[in-house]
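Below you'll find the structure, written out as structure tokens, and then a few comments.
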Amino acid sequence: MAIKKDISKKKEIPVEDLTTCEATQQMLVKARLDGVETQFDRAKSMKACPIGGDSACCKHCAMGPCRLNSKDPYGKVGVCGANIDTIQARNFARMVAAGTACHNDHGMAMLNIFKEVVNGEIDDYAIQDIGKLESVAQSIGIETEGRSIKEIGLELYDALEKTYTGVEGEIPFAQRVPEKTLELWRKYNLVPRGAMREIMEMMSRTHMGVDQDYNNIMQQISRTALVDGWGGSMVATEIGDIMFGTPSPVPIEVNMGVLKEDKVNIIIHGHEPNLFESMLASVQEPTLVEAAKAAGATGINLVGMCCSGLEVLSRHGVPHAGNFSSTEPILVTGAVDAMAVDIQCIQQGLVKVAECYKTPLITTNPRCNIEGATHIELHEDDPKACTDEIVIKAISRYKSRKMPVQIPKNVNFGVHGFSHEYINYMLGGSFRASYTPLNDNIINGRIRGVAGVVGCTNPRVQQDSVHVTLVKELIKNDVLVVQTGCSQIALAKAGLTTPEAAHLAGPGLKEVCETVGMPPVLGLGACVDNTRILIACSEMVKTGGLGESISDLPVAGCAPEYMSEKALAIGQYFVASGVFTAFGVTFPITKGTKFEKLMFEGLEEMGLGKWGFSPDPLELANMMIAHIDKKRKALGIDKARDRVLMDMADRRDIDAA
Ligand code: BF8
Ligand code: SF4
């Protein structure tokens, strides 16, 4: 039963303060009128625990839980004697382990499907990109010349399986890491074995009474995170491209206005692309389209949310309805006839909101059931049995729509789908496809550096605003921005992923964007596709002129509105790969501790990247730009940029005269 709370009498925060997404604002107003609660209400009534926020508590055994005082971090220790550094390191370690587990679990599921496709046991999916199959195989030393797809595919499967199961040695994609970076990892024993081994060791070492030196725990934190970025996530991206197509730029529509009042609206929300790919087939099934029309609709409208949506937005241009914090508000439209989910970032709160609007909320994956949702399991050998049934449920909900429908009119346009392969081609053209033009433009200073702005939205901050303010500041300062995850949708809604947005960029970046016809903000896909950024960094190093290691590059990363453990795993693999990575909202650390110093300074002194934190978007931008400038200086290319800027100023003076 839906419990409708009377939340109208409580002192309300203006919706404009909760989110800058106008469509979400409208739906929050309606939710209040309808007496429906969302994460924004819960965030207000649930004050974040300050001790947990500082990571100053431990509940790893029943002698505790133990709470230390983050104002006096070394004033006391836990019952077992664990000090603040051990406690924080263990907490952080387990969050990274959980995030890494999520991405690897997803990647391994994709790899299993791939094996069955190659073996001919699954015929609903196919190998769409043979070129990518060959290039991925070659990248880890597999011979492709004169061999069949099946032979290459099976050898690739066997090799990539070690990403998960390897008990010793190095994961296969370590071969893609620039030599100097890999040398450093070997020096510190950071090159991961299989994910199962690393995550198991991480959980074991963080048990009460095992690893109690934060430096040593940090080693395993990095190794665990690296088997996310260069392991499970990278496999998910590459296998996804091989099976469903490598993205190339595609015009897209985002925002809640992609829902259609006269159509059966189906939303897919989650992370694994196969559910969506099967649903794409189901909504084109003539009998189901007919059934929708017989129910009075003009057709079936399939849209995505969160990372599932980003996968098919990038690959096929399927419209995207919004990011994480909009997943409850969109149900308030009353226009959603079914929401089908698989794994990750599916809030339990969706159940009640869906109930209020009689929207079937359907779980499809055996790893994610939600109490109160309907479970229709997707079996890879017959996925359409599941997706067809979801469409039928949606049609019947459409037929019995009783309550008024209110769809925000907001629709924004953009160009997305910039795989690292495409960046290669885009800047170099088909005759000289390479990263040389990107490197050249960085060296000559037109592009100051590259920033990855990624990650979630979080109701603890005004939805989308931190992403948008940060990115605007970065491009204004000639920093090219690459994006994944919910952040990408925040920027798409703000119109920053169009080539026309080049006018918001600084003079150097603007010139490059206008010459190439590209947006100053490049959408790369879902969160697992952060690995496209790793590969791009790797290519930049290998192309030459920007140092020998990823840590030499004038690049930085940021997740300014993060909430998930996956985001922390991503942050840590960027840091361990050599990238300065700053987070917003909050950071699970106690100030003034040795562990903080290690994270925010020590790792960089070892030759890796480092962490940064600020809740303020402009401060985040300044930190990232300062880091980029520091790297430019170390590379000796800071002077080039001075010249470029002087040229532009001179030109303006001449124009004025
Ligand atoms: O993996 S950005 S809220 S949807 S965790 Fe989740 Fe965060 Fe969105 Fe995708 Ni990524
Ligand atoms: Fe307390 Fe130590 Fe047990 Fe943690 S492991 S709860 S610090 S006694």
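Read the numbers this way: they start at 1 and go in the same order the structure lists the ligands and their atoms. Quick note: residue numbers are just sequence positions, from 1. Bear in mind that the values here come from a model prediction, so they are computed numbers and not experimental data.
For atom 3 (Fe) of ligand 2, the closest non-hydrogen atom on the protein side is Cys61 SG, 2.3 Å. Considering only non-hydrogen protein atoms, atom 8 (Fe) of ligand 1 sits nearest to Cys486 SG, 2.3 Å. Cys58 SG, 2.3 Å is the protein heavy atom nearest to atom 4 (Fe) of ligand 2. The single protein non-hydrogen atom nearest to atom 7 (Fe) of ligand 1 is Cys456 SG, 2.4 Å, given as residue, atom name and distance.
To the nearest 0.5 Å, atom CD1 of residue Ile199 and atom CD of residue Gln220 are 10.0 Å apart.
Near Met63, meaning under 4.0 Å from any of its heavy atoms, are these atoms of ligand 2: 8 (S). Of all atoms in ligand 1, listed by their number and element, those nearer than 4.0 Å to a heavy atom of Gly455 are 2 (S). Each of the atoms 1 (O), 2 (S), 9 (Fe), 10 (Ni) of ligand 1 lies under 4.0 Å from some heavy atom of Cys527. Every atom of ligand 1 with a heavy atom of Cys306 under 4.0 Å away is listed here by number and element: 4 (S). Less than 4.0 angstrom separates some heavy atom of Met208 from each of these atoms of ligand 2: 5 (S). Of all atoms in ligand 2, numbered sequentially from 1 with element shown, those under 4.0 Å from a heavy atom of Gly64 are 6 (S). Interface of His271 with ligand 1, defined as ligand atoms under 4.0 Å from a residue heavy atom, comprises 1 (O), 4 (S), 9 (Fe). Heavy-atom contacts of Phe324 reach the following atoms of ligand 1: 3 (S) (cutoff under 4.0 Å). Close approach of ligand 2 to Cys66 is summarised as follows: ligand atoms under 4.0 Å from at least one heavy atom of the residue are 1 (Fe), 6 (S), 7 (S), 8 (S). Close contacts between ligand 2 and Cys80 involve ligand atoms 2 (Fe), 5 (S), 7 (S), 8 (S) [criterion: under 4.0 Å to a heavy atom]. With ligand atoms numbered from 1 in the order given, ligand 2 contributes 4 (Fe), 5 (S) to contacts under 4.0 Å with heavy atoms of Arg90.
Between Thr374 and Thr363 the shortest side-chain heavy-atom distance does not fall below 4.5 Å. Within the 4.5 Å cutoff, the side chain of Lys566 has no heavy atoms near those of the Cys456 side chain. Within the 4.5 Å cutoff, the side chain of Ile266 has heavy atoms near those of the Met279 side chain.
Residue-level proximity to ligand 1 for Cys345 is carried by the side chain, the only part with a heavy atom below 4.0 angstrom. Residue contacts with ligand 1, taken as heavy atom pairs separated by less than 4.0 Å, involve Ser564 solely via side-chain atoms from C-beta onward.
When each of Gln462, Gln463, Met563 is tested with Thr457 by the rule side chain to side chain contact (heavy atoms under 4.5 Å, CB included), just one qualifies, namely Gln463. For the side-chain hydrogen bond (donor to acceptor under 3.5 Å, both in side chains) with Lys493, the qualifying choice from Asp464, Asn412, Thr20, Thr24 is Asp464, the only one to do so. Shown are Ile370, Thr359, Thr327; of these, the side chain to side chain contact (heavy atoms under 4.5 Å, CB included) with Leu350 is made only by Thr327.
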Mind running side-chain contact (heavy atoms from CB on, under 4.5 Å) on Arg367 and Asp105 for me, showing each step along the way? CA-CA 10 Å; Arg367 290 114 90 206; Asp105 189 39; 2.9 Å; yes
Applying side-chain contact (heavy atoms from CB on, under 4.5 Å), run through Phe40 and Ile13 and close with a yes or a no. CA-CA 10 Å; Phe40 294 99; Ile13 302 174; over 6 Å; no
Going through the distances and angles, do Asn274 and Leu378 end up as a side-chain contact (heavy atoms from CB on, under 4.5 Å)? CA-CA 9 Å; Asn274 55 320; Leu378 181 136; 3.8 Å; yes
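Here Tyr562 and Phe583 bring their ring centres to under 6.0 angstrom of each other. Aromatic ring centres of Trp611 and Phe580: separated by at least 6.0 Å.
Look at Met563 and you'll find a heavy atom under 4.0 Å from some atom of ligand 1. The shortest heavy-atom distance from Ala567 to ligand 1 is not under 4.0 Å.
Considering backbone and side-chain N/O of His103, none are found under 3.5 Å from N/O of ligand 1. For ligand 1, the polar-atom distance check finds no N/O of Gln344 at less than 3.5 Å from any of the ligand's N/O atoms.
Not one N, O or S atom of Cys307 sits under 2.8 Å from atom 8 (Fe) of ligand 1.
A donor atom on one side chain and an acceptor atom on the other are found under 3.5 Å apart for Asn410 and Glu22.
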